[in-house]
Structures are given as C-alpha cells and as structure tokens.
Amino acid sequence: MAEAITYELLHVDKNSGARRGVVHTPHGDIQTPIFMPVGTQATVKSMSPEELKEDVKAQIILANTYHLYLRPGHDLVKEAGGLHNFMNWDRPILTDSGGFQVFSLSGLRKITEEGVKFSSHLDGSKHLFTPEKVMEIEEALGADIIMAFDECCPYPSDYKYTEKSMYRTTRWAGRCKEAHKTTNQGLFGIIQGGFYKDLRKISAEDLIAMDFPGYAIGGISVGEPKEEFLDILRYTTPLMPENKPRYLMGVGTPDYLIEAALAGIDMCDCVLPTRLARHGTALTSKGKLVIRNATYERDWGKLDDECDCYTCKNYSRAYIRHLVKTNEILGIRLISLHNLRFLTRLMEQVREAIEQDNLLEFREEFYQKYGYEIM
RNA sequence: GUGGAUUUGGUGUAGUUGGUUAACACGUCGGAUUGUGGUUCCGAAGAUCAAGGGUUCGAAUCCCUUACUCCACC
C-alpha cells in the first residue's frame with residue numbers, strides 16, 4: 001500500500017545541509033523548505049482561503065485538534081466532509097495533535113500514562129485526550145498530515161522530568177501508530193527530549209524504528225536563548241531520516257526559518273505573522289516594523305519596499321497605521337496578508353538559494369539587511 | 001442682576017476630621033509576541049490641582065477676590 005505522504009529530495013546545497021524537496025500529499029505537492037501558516041480554528045485568522053492561495057501563495061496550512069474538538073466538534077467537521085470541505089481549502093492541511101496545548105494550558109490539565117485530562121478553556125468541562133482519542137479526532141478532521149500526541153516540556157525542565165516525558169511521548173507515538181487506521185493521512189512522529197542531546201538521540205532512534213512517514217522536532221523554540229535553540233536544532237536534524245519530511249514545530253522568526261533550512265529542515269509553522277499583525281507589527285526585509293509608532297504617521301511608503309504582496313501594492317504605512325490606531329479590522333487583514341506573504345516569499349528565496357548552492361550567502365545578506373547577527 | 005454648584009495631566013474622573021514623590025481610565029509615546037486561550041501583555045512620558053492673595057509648621061483640601069462653565073430665580 002502506498003504511503004499517503006512521501007518525500008522527494010531534489011537537491012542538497014553543496015555548502016550547507018539545506019535540502020530542496022517536494023512533499024507529496026493527497027491534496028497536492030508542497031515545495032520545501034516551506035513555511036506553513038497556522039489556522040488553529042480552521043481559519044488563518046482574518047484571511048480567506050482565496051487570499052491564502054492567490055495573495056499569500058500558501059501551499060499548506062495548519063489546524064488544531066484541541067480547538068476543533070471543542071468547537072465545533074470533530075464529528076461535525078466529519079459530517080461536513082472533513083476540514084477541506086468545511087473550510088473550502090483544497091490544498092494540503094496538517095493538524096497539530098493538541099500536544100502543544102498540554103504545554104500551553106498548564107494549570108488546566110493533568111498528565112498520566114493513559115493521556116491528558118484537560119479542563120476546557122471555554123467552559124471548564126473535563127476532557128481526556130489519549131493517543132487513541134487524538135487519532136480518532138484527527139482522522140475525523142481529515143488533514144493530510146496528522147501529528148502524534150506528544151508532550152512539549154516547558155523551558156527549562158530538569159533532566160529527570162524531560163527523560164520521563166520523552167519516553168512517555170515515544171510510547172504515545174506507538175499507540176498513535178497502532179490506532180491510526182486511515183490510509184489517506186500521514187502520521188508524523190515528534191522527537192522530544194528537551195535540551196538534552198542524549199535524550200534527543202534516544203527519542204529520534206526509537207521513533208525512527210517505528211517507521212513514520214515523517215518526523216518533527218518538538219519542544220524547542222519555547223522561550224530558550226537562541227544558542228540553545230541552534231544547538232539542539234543542529235544536533236537533532238541530522239538524526240532524522242533523509243528520505244522523509246523533517247518538520248520543525250513552532251518556528252518562527254525569519255532568522256529561525258533560515259537557520260532551520262540550513263540545518264536541513266523541510267517544514268516550519270508559526271503563529272507569529274498573524275499574531276504580530278493583530279498587534280500592529282509588520283515583518284520587513286529591514287527588520288520588524290511597529291506600524292503604530294508615530295514615526296509612520298505621514299509615511300506614504302509601503303510596508304516593505306521589496307514586497308510583492310497585495311498590501312504593499314496598494315496601501316501606505318500611514319494608512320495602515322491609521323487603521324491599526326483606530327482598531328479597524330482591515331488593518332489586521334492587510335498586515336496579516338503582508339506578514340504571511342513575507343514569510344512565504346522568504347521561503348521561496350530560500351528554495352532558490354538552495355538550488356544555487358548559496359543559502360549561506362543568502363543568510364549573510366538577509367541578516368545584514370534585517371539587523372540579525374550570525375551565531 | 002440674585003442665589004447655588006463646578007473648575008485636578010490631552011479627555012473623563014478619584015482624592016476633606018489639611019500631612020511625605022496627587023490616584024485611576026482612556027488617549028499619547030515606546031517595547032514584547034515563536035506546534036494561537038482572537039483588539040493581548042509590559043513599560044514610559046504627561047498636572048506648579050482655574051488665577052491671585054490669605055490662614056497654618058504644612059493647603060488640591062479652610063478663608064477672601066477674580067475668572068470660567070452649568071443650573072435655578074428675577
């Protein structure tokens with residue numbers, strides 16, 4: 001039986017570990033390395049699927065198991081014909097497992113070997129997520145790529161707890177694989193182990209032995225210093241199979257995306273572009289731009305001179321600042337569209353650079369303009 | 001004209017048995033944001049308390065004069 005998700009390696013940058021590839025899914029191919037916009041509740045906040053396709057040029061989006069389970073309920077989404085039909089998005093979708101909510105809802109949950117008991121953030125009602133339950137939900141949602149149920153440890157976590165948690169996440173991955181029945185969805189395993197290399201190695205080896213069609217690195221980019229992020233990223237990525245997609249979860253900022261690609265990562269996702277947009281900050285080739293600042297009051301230029309997006313084609317900083325200051329919805333939409341396009345375009349440039357074996361030079365130029373330092 | 005009330009950062013307000021750097025909200029200015037708990041979080045600037053005079057060790061607070069605004073009456 002053919003795998004739902006397969007990876008095709010096109011080219012490896014001769015001067016770095018970066019790889020240019022294609023992930024084949026039931027809803028089409030995605031060109032990698034790629035940035036995936038997050039649409040937690042079956043919508044990338046403020047963006048229509050048409051805008052995501054035509055303006056942002058997104059190839060795949062994320063949705064969230066935990067949120068959609070609570071509302072509207074996975075049974076309802078299934079009844080609608082799955083997420084693709086429900087939200088009118090015909091390209092690939094990836095669902096996160098709810099494992100991150102185990103981390104972000106700390107205080108409202110209890111972790112045991114069986115699974116995680118949650119209190120809903122909406123009404124306090126009690127729920128139990130087990131690997132089996134999460135598979136049931138993700139299968140009902142119908143995404144192309146589904147993530148195993150894991151635990152993302154906070155930073156910092158001590159060795160003993162991280163070790164215990166990592167082994168449990170591995171056991172949960174086994175139960176997910178056992179419970180996973182659909183043939184048109186690819187189940188990815190998630191490597192944990194916090195900031196301890198020996199644990200990362202064990203996690204990677206044990207998961208690889210289970211033969212998932214793709215692997216993710218979880219549990220980094222959780223508030224640690226950049227050196228530690230890079231250290232674990234550069235250590236863990238080479239442990240992952242070369243013939244399968246490599247997904248770094250929860251990243252991120254432009255520099256992290258470039259570093260991920262350099263390390264050999266294929267896929268990243270992050271809420272940052274849309275969250276920044278809602279808070280009035282734009283990403284530009286010259287760094288972050290807090291559009292509500294007074295200095296842009298009479299700035300008739302575009303958000304980013306180099307950007308080709310709909311927002312930059314049509315609207316000035318002064319106008320967007322006005323929209324943000326007056327809390328107008330269009331401000332959020334225009335900046336969201338721009339920020340998302342900024343990152344998808346960044347990854348287009350990264351892919352091109354890999355094809356030409358010069359991602360390292362691209363990083364240097366990008367960092368210099370943006371104001372980052374190479375570490 | 002008479003009587004009463006009011007006047008505190010840009011705006012709206014809190015602040016009396018007189019007691020160190022006058023509080024709050026909004027606004028302004030700036031920062032944050034990394035597998036989204038959907039207008040969030042953090043910080044800063046900004047008031048000689050209408051003006052002048054008086055009482056007092058000490059006044060936004062008590063007294064006097066003037067001005068301003070509002071209400072009522074003639």
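Residue numbers begin at 1 in each chain, while the letters A, B, ... track the order of the sequences.
Using a 4.0 Å cut-off between charged side-chain N and carboxylate O, A/Lys226 and A/Asp255 make a salt bridge. Between A/Lys78 and A/Glu139 there is no salt bridge, since no side-chain N of the basic residue sits under 4.0 Å from a carboxylate O of the acidic one.
Residues from residues 191-224 of chain A with heavy atoms under 4.0 angstrom of RNA chain B, sorted by number: A/Gln192, A/Gly219, A/Ser221. Contacts of residues 363-375 of chain A with RNA chain B (heavy atom under 4.0 Å): none. Residues from residues 233-256 of chain A with heavy atoms under 4.0 angstrom of RNA chain B, sorted by number: A/Met249, A/Gly250, A/Val251, A/Gly252, A/Thr253, A/Tyr256. Scanning residues 265-287 of chain A for heavy-atom distances under 4.0 Å to RNA chain B yields A/Asp269, A/Cys270, A/Val271, A/Leu272, A/Thr274, A/Arg275, A/Leu276, A/Arg278, A/His279, A/Thr281.
Of the residues A/Phe188, A/Trp172, A/Tyr66, the one that meets the ring pair (Phe, Tyr, Trp, His ring centres under 6.0 Å) test with A/Phe149 is A/Trp172. Considering A/Ser316, A/Cys307, A/Cys312, A/Cys309 in turn, A/Cys312 is the only one that fulfils the side chain to side chain contact (heavy atoms under 4.5 Å, CB included) rule with A/Lys302.
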Checklist entry - Hey, mind stepping through A/Thr284 and A/Tyr370 against side chain to side chain contact (heavy atoms under 4.5 Å, CB included) and telling me if it holds? => result CA-CA 8 Å; A/Thr284 82; A/Tyr370 198 94; 5.6 Å; no

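Between B/C29 and A/Asn293, no contact under 4.0 Å exists linking OP1 or OP2 to a side-chain N or O. Remark: A/Lys288 is in phosphate contact with B/U33, judged by side-chain N or O atoms under 4.0 Å from OP1 or OP2.
Here the separation of B/C70 from B/A45, taken at their C1' atoms, is 33 Å to the nearest Å. Taking atom P on both nucleotides, B/A59 is separated from B/G18 by 13 Å, rounded to a whole Å. The gap from the P atom of B/U8 to that of B/A51 amounts to 10 Å, rounded to the nearest Å. Remark: the separation of the P atoms in B/U2 and B/A60 is 31 Å, to the nearest Å. Taking atom P on both nucleotides, B/C49 is separated from B/G9 by 10 Å, rounded to a whole Å. Comparing B/U56 with B/G4, their C1' atoms are spaced 29 Å from each other, to the whole Å. Rounded to whole Å, the C1' atom of B/U11 lies 26 Å from the corresponding atom of B/U16. Rounded to a whole angstrom, the distance from the P atom of B/U33 to that of B/A25 is 24 Å.
A 6.0 Å sphere centred on CD of A/Glu228 holds more than 12 heavy atoms belonging to other residues, nucleotides or ligands.
Comparing A/Val290 and A/Gly98 against RNA chain B, the residue whose closest nucleotide sits nearer the 5' end is A/Val290. RNA chain B is contacted by both A/Thr295 and A/Ser97; A/Thr295 maps to the nucleotide lying nearer its 5′ end (nearest heavy atom per residue).
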Item to check | Intra- and inter-strand pairs of RNA chain B in dot-bracket (Watson-Crick or G-U wobble, both distances under 3.5 Å; | for another strand) | outcome: (((((.((.[[[[.)...(...]]]].(((((.......))))).....[[[[[..)....]]]]]).))))).

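Interatomic distance, CD of A/Glu224 versus CG of A/Asp231, reported as 10.5 Å (0.5 Å rounding).
Of all nucleotides listed (B/U39, B/G35, B/U36), B/U36 comes nearest to the side chain of A/Thr40. Of the candidate nucleotides B/G37, B/U36, B/G30, B/G37 has the atom nearest to the side chain of A/His121. Set against B/G37, B/C29, B/G38, the side chain of A/Gln41 has B/G38 as its closest nucleotide. Distances from the side chain of A/Lys325 to the nucleotides B/U36, B/A32, B/C29 place B/C29 closest. For A/Thr43, the listed nucleotide lying nearest its side chain is B/G38; candidates were B/G35, B/G38, B/G37.
Taking the centre and axis of the six-membered ring of A/Phe118, the NZ or CZ atom of A/Lys126 falls outside the cone set by 45° and 6.0 Å.
Legend: ring-ring contact (aromatic ring centres under 6.0 Å, His included) pairs involving residues 218-274 of chain A, not counting sequence neighbours, sorted by first then second residue: A/Phe229-A/Tyr256.
No donor-acceptor contact under 3.5 angstrom links the side chains of A/Gln101 and A/Arg109, judged on distance only.
Side-chain atoms of A/Asp150 come within donor-acceptor range of the base of B/G35, with a qualifying N/O pair under 3.5 Å.
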